[in-house]
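Data block below; observations after.
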Amino acid sequence: MPLQHTTPPGAPLRGEELFIGTEGATILDFWRYAFPDLKTNTTRGMLAEFLVHRAVGAQQRNQEWESFDVLTTDGLRIEVKSSAYLQAWDQRDVTRIVFDRLRTRTWSPQTGDAAEPTFNADVYVFAVHTATSHDDYDPLDIGQWQFYVVPSPVIAAKGTKSLVLNSVRALAGDPVPYSDLAARIRAVDPRASGPGAGHGTNMAGSSPEVLDRRR
């Protein structure tokens, strides 16, 4: 008999919960063990998703098997790609910024993997941590991030699996600070109606009037 798929409980962990059978180990202890360094690739990627999640006022974190990273309260699907010049390991030079896996195979508990990779979000956010000196790197300073926002149809038109930073800049135009991220995401929403909504042209220099729908 197949297992029944159930959604996870809605209440998030708070940190003080105890692991049964340990001598006082808490969820907070585990978090400190698992995520002590926000500079590692995996954790930094999750941090970028967290920042976008908060910027747009999303209510719940997506499950790991979802084909996109953030879902807004009105159904906008956002894929977050992150990179940085500095890594947690020794390096001879700063890292060349490349964003890959723009197309992925969807998966569901009912049907498994899709046959072909697809573009699965409405909007792509490319987040770049800009510090180039380890002495200056501050994982808690959101001002060290730059955000480039591109509607999915523009990415799909390129037909590529990855983009270097210069290509992202050509598609997105100028980066936006975190304070303007939600407004830029809404400005390029390809689901919106009206002239120029989610347009596929270079957005450099544009400053559209948009409705910031953060909730």
Can Leu86 and Gln91 be said to form a side-chain contact (heavy atoms from CB on, under 4.5 Å), step by step? CA-CA 8 Å; Leu86 299 179; Gln91 53 191 123; 4.1 Å; yes
side-chain contact (heavy atoms from CB on, under 4.5 Å) for Glu66 and Arg61? Distances and angles first, verdict last. CA-CA 10 Å; Glu66 291 281 5; Arg61 181 182 178 230; over 6 Å; no
Given side chains that start at C-beta, do those of Leu76 and Asp189 come closer than 4.5 Å, heavy atoms only? yes
When clusters are formed by joining ILVMFWY residues with side-chain heavy atoms under 4.5 Å apart, either directly or through shared neighbours, do Phe126 and Val98 land in the same one? no
With heavy-atom distances below 4.5 Å as the criterion, would you say the side chains of Thr72 and Arg186 are in contact? yes
I'd like to know whether Lys81 forms a side-chain contact (heavy atoms from CB on, under 4.5 Å) with Val168, so could you lay out the CA-CA distance, the side-chain angles of the two residues, the decisive distance to 0.1 Å, and finally the verdict. CA-CA 11 Å; Lys81 295 295 182 183; Val168 170; over 6 Å; no
When every non-hydrogen atom of Ser82 is compared with those of Gly45, the smallest separation belongs to OG-CA, 3.3 Å
Approximate separation, where rounding is to 0.5 Å, of Ser167 OG and Ile97 CD1: 13.0 Å
Polar side-chain atom of Gln144 near backbone of Ile142 as donor-acceptor pair, under 3.5 Å: no
Whether Phe147 and Tyr178 hold their rings parallel, tilted or perpendicular, with breakpoints at 30° and 60°: tilted
Would you say Leu13 and Phe19 are hydrophobically clustered, going by side-chain heavy atoms of ILVMFWY under 4.5 Å? yes
Given the rule that I, L, V, M, F, W and Y join up when any side-chain heavy atoms are under 4.5 Å apart, are Val123 and Leu71 in one cluster? no
Min side-chain heavy-atom separation Arg191-Asp74 under 4.5 Å: yes
Consider only side-chain heavy atoms of I, L, V, M, F, W and Y, link residues closer than 4.5 Å, and tell whether Tyr33 and Leu38 are in one cluster. no
Residues in ring-ring contact (aromatic ring centres under 6.0 Å, His included) contact with Tyr148, at least two apart in sequence or another chain: none
Under 4.5 Å between any side-chain heavy atoms of Glu79 and Phe119, yes or no? no
Do the side chains of Val125 and Trp145 join up, straight or via other hydrophobic residues, at under 4.5 Å, putting them in one cluster? yes
Minimal non-hydrogen separation, Tyr85 against Leu165, with atom names: OH-CD2, 3.5 Å
Looking only at atom types and distance, does a side-chain atom of Ser152 sit under 3.5 Å from a main-chain N or O of Ala121, one as donor and one as acceptor? yes
Side-chain touch Val52/Leu181, heavy atoms, less than 4.5 angstrom: yes
N/O donor-acceptor pair under 3.5 Å between Asp113 side chain and Arg105 backbone: no
With side chains defined as the heavy atoms from C-beta onward, is the minimum distance between Leu47 and Phe35 less than 4.5 Å? no
Any donor-acceptor N or O pair under 3.5 Å, side chains Lys39, His134: yes
Are side-chain heavy atoms of Ile185 and Ile78 found at a separation under 4.5 Å? yes
The ring-ring contact (aromatic ring centres under 6.0 Å, His included) partners of Trp31 (sequence neighbours excluded) come to none
Arg77 meets the salt bridge (charged side-chain N to carboxylate O under 4.0 Å, His left out) criterion, sequence neighbours left out, with Asp122
Main-chain N/O of Asn120 paired to Thr118 side chain as donor or acceptor, under 3.5 Å: no
In Å and rounded to the nearest 0.5 Å, what is the OG1 to CZ distance from Thr160 to Arg103? 7.5 Å
Residue pair Leu163, Ile155: steps toward the side-chain contact (heavy atoms from CB on, under 4.5 Å) verdict: CA-CA 9 Å; Leu163 288 171; Ile155 301 293; 3.9 Å; yes
Keeping the roles fixed (side chain from Asp69, backbone from Glu49), state whether a donor-acceptor pair exists under 3.5 Å. no
Any heavy-atom pair between the side chains of Phe99 and Tyr124 that's under 4.5 Å? no
Is the closest basic N to carboxylate O distance between Arg184 and Asp174 below 4.0 Å? no
